[in-house]
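Some notes on the structure that comes next.
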Amino acid sequence: MSGKSRSSKRFGMERIKMKKRVVVTGLGAVTPIGNSVDEFWNSIKENKVGIDTISAFDASEFKAKVAGEVKNFDPKAYMDAKTAKRMEKFCQYAVVASKEAIEDAGLDMEKEDAYRVGVSIGSGTGSLQALEREHKKLLEKGPNRIAPLLVPLMITNMAAGNVSIQFGLKGKSINIVTACATGTHSIGEAMRTIQCGDADVMLAGGTEAAVCPIGIGGFVALTALSNQEDPKVACRPFDKNRDGFVMGEGAGVVVLESLEHAKARGAKIYAEVAGYGATSDAFHITSPAEDGAGATKAMELAMADAQVAPEDIMYINAHGTSTHHNDLFETRAIKQAFGKHAYDMKINSTKSMIGHLLGAAGAVECITCIKTIQEGYVHPTVGLVESEEELDLDYVKGEGVHMDVEYALSNSLGFGGHNATLILKKFKEN
């Protein structure tokens, strides 16, 4: 081995040793089955399905008529009316989830260096509602009637911006947009931010509110949404009769900290973020790679980052969208990444209960993984009755499973070929 090769290898090992451990100390969620983490998780344990007939607008002329909408959400219960009016729903959800996560973490900003506390919260679409509303004004009343705040209401980075403003977080504030992988990438990049020393604490996650005519209509035109009118069977990941995903909305936010920082302030620790992998299919704008190679590599990178063997992982929270291509190609990816061990694992899809939250999906599913580790309960893929021949893994059909979960792996795959994987680990001092 050349001197340069030995040097590179030694430097790589030193980086592994020097990496800061990153832990989760706070959780916050707004979902179709609960507007807090406790309510959400209790609903998960009850196999509650939050999908119903669309109420946000008249969807009678749309082929897709159901969605996972957030229910009984009043922003004025969390913020004053003026503040709420200056935020679209995707920002309101992010702020409310962040508030819960900060309070859950016991994070006192008066005791923190605000420039060491950052935000990594993304949204796939921003506010399509604001765009619809003001475009209608443009056509009917002319350009002079467009609302002055259209742009700051609409753009995707305003979720991170509003969270930063509301809670006085002055560190790195970023908005990652990778479609349906947004939430997972946001948490992974927040982890890296802490590991490299750019922050001590990061609020990380995703938010989305795209249940509106142009949002539903666009995905219908793409033939991506389920046409089922019965909410109970519209979203059934890995089932042979699946016919598309169901749009959901909400937000998930976690508080990440370096282990040193969390211990110094006596914070409770939910879990450790042990690994992160990210790749691109470089294949197609909407379809995952048919052989699952990109998703396979993301899982392999996450396992290498976490320094775990495939056999160490017994549970995967799948992207599991209930589309033909995703469920089949993700299954292929899991088989490639885990070999024969894939048949020993429990695999489920939280989307079976809440629909697909797009940019928020990975963040809410990360919270699901953390609660699964904490309580040792793997929820079922609700609605799954029978899979086709190639979908032959254990997708937790019927009832949930009580089991010890040391590692949980979460996948997110987005339009454009974005793949992201997180590995959460039961926290241990050593």
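Side-chain atoms are counted along with the backbone in the values below, which use heavy atoms only and exclude waters and symmetry mates. Quick caveat: nothing in here was measured; it's all calculated off a predicted structure.
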Would the number of heavy atoms belonging to other residues, nucleotides or ligands and lying under 6.0 Å from [atom1] of [X] be above 12?
X	atom1	value
Lys426	NZ	yes
Asp74	CG	yes
Lys137	NZ	yes
Ile214	CD1	no

What residues form a side-chain hydrogen bond (donor to acceptor under 3.5 Å, both in side chains) with Asp281, not counting sequence neighbours?
-> Asn419
Got a donor-acceptor contact below 3.5 angstrom from the [X] side chain to the [Y] backbone?
X	Y	result
Asn157	Asn175	no
Thr331	Asp327	yes
Glu386	Lys240	no
Lys397	Val385	yes
His341	Ile313	yes
Ser258	Lys20	no
Ser186	Ala204	no
Arg242	Arg236	no
His319	Leu413	yes
Thr184	Ala181	no

Straight-line distance of [X] [atom1] to [Y] [atom2], nearest 0.5 Å:
X	Y	atom1	atom2	result
Ser98	Gln166	OG	CD	10.0 Å
Leu256	Asp200	CG	CG	12.5 Å
Ile367	Tyr270	CD1	OH	10.0 Å
Met314	Met345	CE	CE	7.0 Å
Leu138	Glu134	CG	CD	9.5 Å
Asp291	Gln336	CG	CD	5.5 Å

For [X] and [Y], which heavy atoms make the closest approach, and how far apart are they?
X	Y	value
Ile51	Ser352	CD1-O, 4.4 Å
Leu128	Cys212	CB-SG, 3.6 Å
Ile347	Ala318	CG2-CB, 3.9 Å
Tyr377	Trp41	O-CH2, 3.9 Å
Val378	Asn348	CG1-ND2, 3.5 Å
Cys369	Ala408	CB-CB, 3.8 Å

If you define the side chain from C-beta out and look only at heavy atoms, does anything of [X] sit under 4.5 Å from [Y]?
X	Y	answer
Val49	Pro231	no
Pro380	Asn47	yes
Glu208	Thr125	yes
Ile354	Phe40	yes
Val255	Val24	no
His325	Pro288	yes
Ile373	Tyr315	no
Val273	Leu422	yes

Yes or no on side chain to side chain contact (heavy atoms under 4.5 Å, CB included) for Asn317 and Leu409, after CA distance, side-chain angles and deciding distance?
-> CA-CA 6 Å; Asn317 189 294; Leu409 184 149; over 6 Å; no
Residue pairs, two or more places apart or on separate chains, that pass salt bridge (charged side-chain N to carboxylate O under 4.0 Å, His left out) and touch residues 340-363 | Lys346-Asp394, Lys351-Glu365
Residue pairs involving residues 270-280 (criterion salt bridge (charged side-chain N to carboxylate O under 4.0 Å, His left out); sequence neighbours excluded) = Arg21-Glu272
Under 3.5 Å, sequence neighbours excluded: what are the donor-acceptor pairs made by side chains of residues 86-94?
{"residue": "Glu88", "atom": "OE1", "partner": "Ser127", "partner atom": "OG", "Å": "2.8"}
{"residue": "Glu88", "atom": "OE2", "partner": "Arg133", "partner atom": "NH2", "Å": "3.0"}
{"residue": "Gln92", "atom": "NE2", "partner": "Ala84", "partner atom": "O", "Å": "3.0"}
{"residue": "Gln92", "atom": "NE2", "partner": "Met87", "partner atom": "O", "Å": "3.2"}
{"residue": "Tyr93", "atom": "OH", "partner": "Glu249", "partner atom": "OE2", "Å": "3.3"}

Tell me whether [X] is salt-bridged to [Y], with the criterion being a basic N under 4.0 Å from an acidic carboxylate O.
X	Y	result
Glu132	Lys136	no
Asp312	Lys425	no
Lys172	Glu189	no

Going through the distances and angles, do Leu301 and Lys297 end up as a side chain to side chain contact (heavy atoms under 4.5 Å, CB included)?
-> CA-CA 6 Å; Leu301 289 171; Lys297 189 64 175 178; 4.1 Å; yes
In chain order, what residues pass the salt bridge (Lys or Arg N to Asp or Glu O under 4.0 Å) check against Lys268, with sequence neighbours excluded?
-> Asp104
Answer yes if the side chains of Asp38 and Ser36 hold a donor-acceptor pair under 3.5 Å, and no otherwise.
-> no
May I ask you to check whether Glu69 and Ser55 show a side-chain donor-acceptor distance below 3.5 Å?
-> yes
Can you check side chain to side chain contact (heavy atoms under 4.5 Å, CB included) on Val95 and Phe167, steps first, answer last?
-> CA-CA 9 Å; Val95 168; Phe167 304 107; 4.1 Å; yes
Side-chain polar contacts of residues 216-229 - donor-acceptor pairs under 3.5 angstrom, sequence neighbours left out - could you list them?
{"residue": "Ser226", "atom": "OG", "partner": "Gln228", "partner atom": "N", "Å": "3.1"}
{"residue": "Ser226", "atom": "OG", "partner": "Ala234", "partner atom": "O", "Å": "3.2"}
{"residue": "Ser226", "atom": "OG", "partner": "Asp243", "partner atom": "OD1", "Å": "2.7"}

For side chain to side chain contact (heavy atoms under 4.5 Å, CB included), just list the numbers for Val96 and Met79, CA-CA rounded to whole Å, side-chain angles, deciding distance to a tenth of an Å, and then say yes or no.
-> CA-CA 9 Å; Val96 170; Met79 63 191 81; 4.2 Å; yes
